[in-house]
Peer 1: 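Mind looking over this structure? Questions follow.
Read the numbers this way: they start at 1 and go in the same order the structure lists the ligands and their atoms. In this chain, numbering begins with 1 at the start of the sequence shown.
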Amino acid sequence: MSQKPASEPSKMEKLVALCKRRGFIFPSSEIYGGFNGFWDFGPAGAELKRNIREAWWNDVVRRRADVVGLDGTIITHPRVWEASGHTTAFHDPMVDCKKCKGRWRADQLPETKCPEGGSHEYTEARQFNLMFQTHAGPVIDEASLCYLRPETAQVIFAQFLNVLNSSRQKVPFGIAQIGKAFRNEINPRNYIFRSREFEQMELEFFIKPGTDAEWHRYWVEARLAWYESIGLPRDALSLHEYPKSDLAHYASACVDVMYAFPFGVQELEGIAARGNFDLSQHQKFSGKKMEYFDDETKERYVPHVVEPSAGVDRIALALLCDAFMEEEVADEKGKREVRSVMRFAPRIAPVKVAVFPLLRNKPALVAKAREVFEGLLPHFAVEWDDRGNIGKRYRYQDEQGTPWCVTVDFDTLGENGPALADTVTLRDRDTMRQERILISEIIPLLASKLR
Ligand code: ATP
């Protein structure tokens with residue numbers, strides 16, 4: 001059996017290094033030593049996250065007649081969190097080791113020994129509220145206390161009546177929102193998997209009481225299909241169904257969509273049938289009726305809700321883990337080398353196409369390549385690269401996951417006869433094959449591949 005040398009980095013270590021090297025993810029405030037639980041997304045990461053958000057928004061909101069969007073605030077009236085139960089019940093149990101002073105979630109204890117020797121010696125578990133507190137206005141006292149939202153969902157419930165009254169929607173219909181959420185996690189860990197600042201994509205789909213089971217099934221299937229559409233393979237995805245005994249008293253079903261990360265099978269999204277708990281709570285705390293009147297059946301009721309709730313950062317991490325591959329290839333001189341490549345689905349790739357002049361010291365080549373580059377700019381996320389030899393530029397783009405590279409060479413200029421004039425090479429990231437196509441064919445060809 002072949003054994004890995006102890007010093008060989010794990011898949012996660014290699015991925016973390018690649019993400020920094022290629023501008024996907026940087027530790028927050030790194031010049032000050034970093035800030036635990038916070039991450040910044042670099043140029044490639046910002047595009048990747050944007051593509052995830054756009055894929056979700058297009059599929060869940062724009063291409064459906066029965067879902068509308070919302071863009072609510074991060075800080076809301078503190079009563080929102082009293083009504084939702086977050087001020088009293090959004091707790092994790094926390095323990096400390098009496099010897100090394102380490103601190104963990106009581107349900108996520110470390111497998112390692114205590115650095116002070118032997119096993120950890122834990123304190124009794126104490127409840128720790130995960131909401132970040134702040135104050136609105138100049139006076140810092142109880143009356144100005146408010147919270148950074150720990151989820152985007154409650155902002156949707158709090159605006160249910162306004163959306164209902166201002167849109168043309170009828171039950172069943174949904175309100176969707178993408179935005180930042182904050183949780184003061186006791187142990188941020190597994191890279192960006194559990195952070196203190198992250199982004200959620202949440203849908204509250206309002207339904208007639210009694211139709212909960214069928215709509216819950218519908219959304220579980222729809223969400224699973226969506227993950228496949230952004231390139232996550234079905235065999236790396238699974239569903240975790242909560243037994244009835246583990247459900248909150250108001251919920252009738254909850255299924256988590258799980259992904260097989262290198263550090264274990266973990267949740268990407270939770271899909272819960274929450275009854276009318278949230279709207280009823282806001283009705284109770286605000287005194288405003290959260291009812292829907294069905295003008296066909298003349299029934300009046302507080303709608304029930306099915307809530308698919310996903311995390312942008314966790315999906316980004318799943319896509320990065322899934323796309324990352326190392327393979328042995330021959331370089332231009334036939335020497336074997338390891339190629340790192342991010343095989344993102346083109347729809348999700350940060351940059352769709354890179355344009356190179358074969359040589360950067362030939363003004364005619366550079367001018368022609370620039371013309372091609374500028375022609376593509378309005379259509380795709382395009383990158384210009386004229387540094388190093390072509391092989392190095394391909395390797396760089398492979399690590400960034402760019403599906404196609406276009407090279408402008410002397411044939412393009414017509415220097416080797418009119419037959420090849422105005423043609424370029426189009427190189428495919430996955431097959432590494434190059435084909436010669438006309439400049440005028442690039443946009444329709446890539447657009448059809450992206451569809
Ligand atoms: P976990 O059990 O992992 O703490 P959760 O069940 O509390 O997650 P939800 O409250 O259901 O999570 O949040 C919905 C989604 O928001 C999660 O599926 C996840 O994708 C994302 N999410 C929640 N907490 C975090 C976090 N600390 N960092 C990154 N994403 C998160």
Peer 1: Identify which one of R429, K392, R427, R393 satisfies the salt bridge (Lys or Arg N to Asp or Glu O under 4.0 Å) criterion when paired with D398.
Peer 2: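 The single option meeting the salt bridge (Lys or Arg N to Asp or Glu O under 4.0 Å) with D398 is R427.
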Peer 1: Does E202 reach ligand 1 with a nitrogen or oxygen that is under 3.5 Å from one of the ligand's nitrogen or oxygen atoms?
Peer 2: no
Peer 1: Counting non-hydrogen protein atoms only, what is the nearest one to atom 15 (C) of ligand 1? Give residue, atom name and distance.
Peer 2: S309 O, 3.7 Å
Peer 1: Within the structure, is a non-hydrogen atom of E151 found at a distance of less than 4.0 Å from ligand 1?
Peer 2: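 So E151 does not count as touching ligand 1.
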Peer 1: Among L317, L232, D256, find the residue that satisfies the side chain to side chain contact (heavy atoms under 4.5 Å, CB included) test when tested with L268.
Peer 2: L232
Peer 1: Which option wins on minimum heavy-atom distance to atom 9 (P) of ligand 1: R105, R183, E197?
Peer 2: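 Looking at heavy atoms only, the winner is R183.
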Peer 1: Decide whether N276 and S280 meet the rule of one side-chain donor and one side-chain acceptor closer than 3.5 Å.
Peer 2: yes
Peer 1: Would one find an N or O of S195, backbone or side chain, under 3.5 Å from an N or O of ligand 1?
Peer 2: yes
Peer 1: Going by the rule side-chain contact (heavy atoms from CB on, under 4.5 Å), which residues pair with E291 if we only count those two or more places apart in sequence or in a different chain?
Peer 2: Q283, K289, R300, V302
Peer 1: Do T211 and P172 come close enough that some side-chain heavy atom pair is under 4.5 Å?
Peer 2: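 Heavy-atom side-chain distance check fails, nothing below 4.5 Å.
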Peer 1: Is the shortest heavy-atom distance from the side chain of F198 to the side chain of I192 under 4.5 Å?
Peer 2: no
Peer 1: Any nitrogen or oxygen of F198, main chain or side chain, under 3.5 Å from a nitrogen or oxygen of ligand 1?
Peer 2: no
Peer 1: Run down the list R196, R314, E267 and name the one with the heavy atom closest to atom 18 (O) of ligand 1.
Peer 2: E267
Peer 1: Is the closest heavy atom of L268 to ligand 1 under 4.0 Å?
Peer 2: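 Yes, L268 has heavy atoms under 4.0 Å from ligand 1.
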Peer 1: Among all protein non-hydrogen atoms, which one is nearest to atom 4 (O) of ligand 1, and what is the separation to 0.1 Å?
Peer 2: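 In this structure, atom 4 (O) of ligand 1 has R194 NH1, 2.7 Å as its nearest protein heavy atom.
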Peer 1: Which of these, E399, E327, E326, sits in a salt bridge (Lys or Arg N to Asp or Glu O under 4.0 Å) with R343?
Peer 2: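 Filter result, single survivor: E327.
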Peer 1: Got the closest protein heavy atom to atom 13 (O) of ligand 1, with its distance?
Peer 2: Q200 NE2, 3.4 Å
Peer 1: Looking at G311, which atoms of ligand 1 are within less than 4.0 Å of one of its heavy atoms?
Peer 2: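 Those of ligand 1 that fall under 4.0 Å from G311 are 20 (O), 21 (C).
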Peer 1: Identify the protein heavy atom lying closest to atom 29 (C) of ligand 1, giving its residue, its atom name and the separation to 0.1 Å.
Peer 2: F193 O, 3.2 Å
Peer 1: Using a 4.0 Å cutoff against the non-hydrogen atoms of E185, which atoms of ligand 1 qualify?
Peer 2: 26 (C), 27 (N)
Peer 1: Output a table of donor-acceptor pairs, distance under 3.5 Å, between side-chain atoms of residues 304-315 and any protein atom two or more places apart or on a different chain; print 'none' if there are none.
Peer 2:
{"residue": "H304", "atom": "ND1", "partner": "D212", "partner atom": "OD1", "Å": "3.4"}
{"residue": "H304", "atom": "ND1", "partner": "D212", "partner atom": "OD2", "Å": "2.7"}
{"residue": "S309", "atom": "OG", "partner": "E202", "partner atom": "OE2", "Å": "2.6"}
{"residue": "D313", "atom": "OD1", "partner": "E199", "partner atom": "N", "Å": "2.7"}
{"residue": "D313", "atom": "OD2", "partner": "K49", "partner atom": "NZ", "Å": "3.3"}
{"residue": "R314", "atom": "NE", "partner": "F193", "partner atom": "O", "Å": "2.9"}
{"residue": "R314", "atom": "NH1", "partner": "E267", "partner atom": "O", "Å": "3.2"}

Peer 1: Once the angle between the rings of F277 and H249 is folded into 0 to 90°, is it parallel (under 30°), tilted (30 to 60°) or perpendicular (over 60°)?
Peer 2: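 If you compare the ring of F277 with that of H249, the planes turn out perpendicular.
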Peer 1: Can you list the atoms of ligand 1 that are under 4.0 Å from a heavy atom of E269?
Peer 2: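 Those atoms are 18 (O).
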